[in-house]
Amino acid sequence: MKKRQRVKKNEDFQKVFKKGKSFANRQFVVYCLPKEDQSEFRVGLSVGKKIGKAVTRVQIKRYIRQVFLELNDEIRSDMDYVIIARHPAATLDFHETKKSLEHVLKIAKVLRKK
């Protein structure tokens, strides 16, 4: 995932939290904020310390980034996304993570049909 595809600044996170809409399941919360002036989506990740030690948190982030890379063509590109991992996300493998994120993104109506 390229640097320009990441939400990094605190002010950008706060904009998505305040103005965006949230959608959730047991493993993830996804905040979505439409941005008309951008050509590709941006993703911000939040995995808290309560979820596990550093190795676990980094693994969850890698899984989420990989899911977004694989779904690149299907996800609406004019939006910012912030993904918050919940405690059950620590027990998922990659395929379960992908299935769970696809579920939340379908609820949010940001996935295009195949």
Side-chain angles (χ1 to χ4, degrees):
M1 192 172 264
K2 299 176 183 92
K3 287 232 185 215
R4 66 177 179 269
Q5 287 184 293
R6 295 194 187 154
V7 177
K8 288 295 236 181
K9 295 183 180 172
N10 184 34
E11 59 196 59
D12 292 340
F13 271 94
Q14 295 307 319
K15 272 185 200 169
V16 176
F17 288 140
K18 287 189 172 92
K19 296 180 182 175
K21 294 199 177 203
S22 68
F23 306 92
N25 65 6
R26 286 192 174 150
Q27 293 85 14
F28 298 103
V29 180
V30 177
Y31 284 84
C32 306
L33 179 68
K35 295 269 199 126
E36 286 83 32
D37 58 339
Q38 75 189 29
S39 60
E40 56 188 353
F41 64 83
R42 296 190 313 157
V43 178
L45 304 175
S46 174
V47 183
K49 287 189 176 181
K50 290 181 180 179
I51 290 176
K53 298 200 182 284
V55 175
T56 308
R57 297 194 309 265
V58 169
Q59 184 180 43
I60 293 169
K61 289 180 190 177
R62 283 183 182 162
Y63 287 166
I64 295 170
R65 283 191 204 108
Q66 187 61 37
V67 168
F68 270 85
L69 281 174
E70 289 184 9
L71 297 176
N72 194 8
D73 299 331
E74 299 170 35
I75 295 176
R76 277 185 54 187
S77 59
D78 60 340
M79 299 188 87
D80 282 353
Y81 302 97
V82 173
I83 288 68
I84 300 172
R86 289 181 168 172
H87 202 276
T91 61
L92 302 180
D93 67 2
F94 173 72
H95 298 290
E96 293 170 330
T97 302
K98 183 174 181 180
K99 191 173 178 184
S100 179
L101 273 173
E102 282 178 339
H103 175 254
V104 177
L105 293 171
K106 281 179 186 167
I107 293 171
K109 297 180 179 151
V110 294
L111 273 184
R112 293 189 190 104
K113 305 288 187 275
K114 291 180 181 175

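Atoms considered below: every heavy atom in the structure, side chains included; atoms not considered: hydrogens, waters and symmetry mates.
Aromatic ring orientation, Y81 versus F68: tilted (interplanar angle from 30° to 60°). Classification of the Y31-F17 ring pair by plane angle, with boundaries at 30° and 60°, yields perpendicular.
E40 and S77 form no side-chain donor-acceptor contact under 3.5 Å, judged by distance and modelled atom types alone. Using a 3.5 Å distance cut-off with no hydrogens or angles, the side chains of Q38 and D80 do pair a donor with an acceptor.
In this structure, D12 and V16 have side chains that are not in contact, with every pair of non-hydrogen atoms separated by 4.5 Å or more. Counting only heavy atoms from C-beta outward, the side chains of V82 and V30 never approach each other to under 4.5 Å. Between V67 and F94 there is a side-chain heavy-atom pair separated by less than 4.5 Å. Contact annotation: the side chain of L45 approaches that of R65 to within less than 4.5 Å [non-hydrogen atoms, C-beta and beyond]. Side-chain contact check for R62 versus Q66: every heavy-atom pair is 4.5 Å or farther apart.
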Steps toward side-chain contact (heavy atoms from CB on, under 4.5 Å) verdict (K98, E70): CA-CA 9 Å; K98 183 174 181 180; E70 289 184 9; 2.7 Å; yes

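Counting heavy atoms of neighbouring residues, nucleotides and ligands inside a 6.0 Å radius, atom CZ of R6 exceeds 12 of them. Other residues, nucleotides and ligands contribute at most 12 non-hydrogen atoms within 6.0 Å of the NZ atom of K15.
A pairwise comparison of heavy atoms in K8 and F13 identifies O-CE1, 3.9 Å as the closest pair.
Under the 4.5 Å side-chain contact rule for hydrophobic residues, V47 and V43 share a cluster.
Between F28 and F23, the ring center distance fails the sub-6.0 Å criterion.
Using a 4.0 Å cut-off between a side-chain N of Lys or Arg and a carboxylate O of Asp or Glu, K35 and D78 do not qualify as a salt bridge.
Put simply, the side chain of T91 gets close to the backbone of P88: a donor and an acceptor are under 3.5 Å apart.
Each side-chain hydrogen bond (donor to acceptor under 3.5 Å, both in side chains) pair with one or both residues in residues 43-60, not counting sequence neighbours, appears once here: Q59-Y63.
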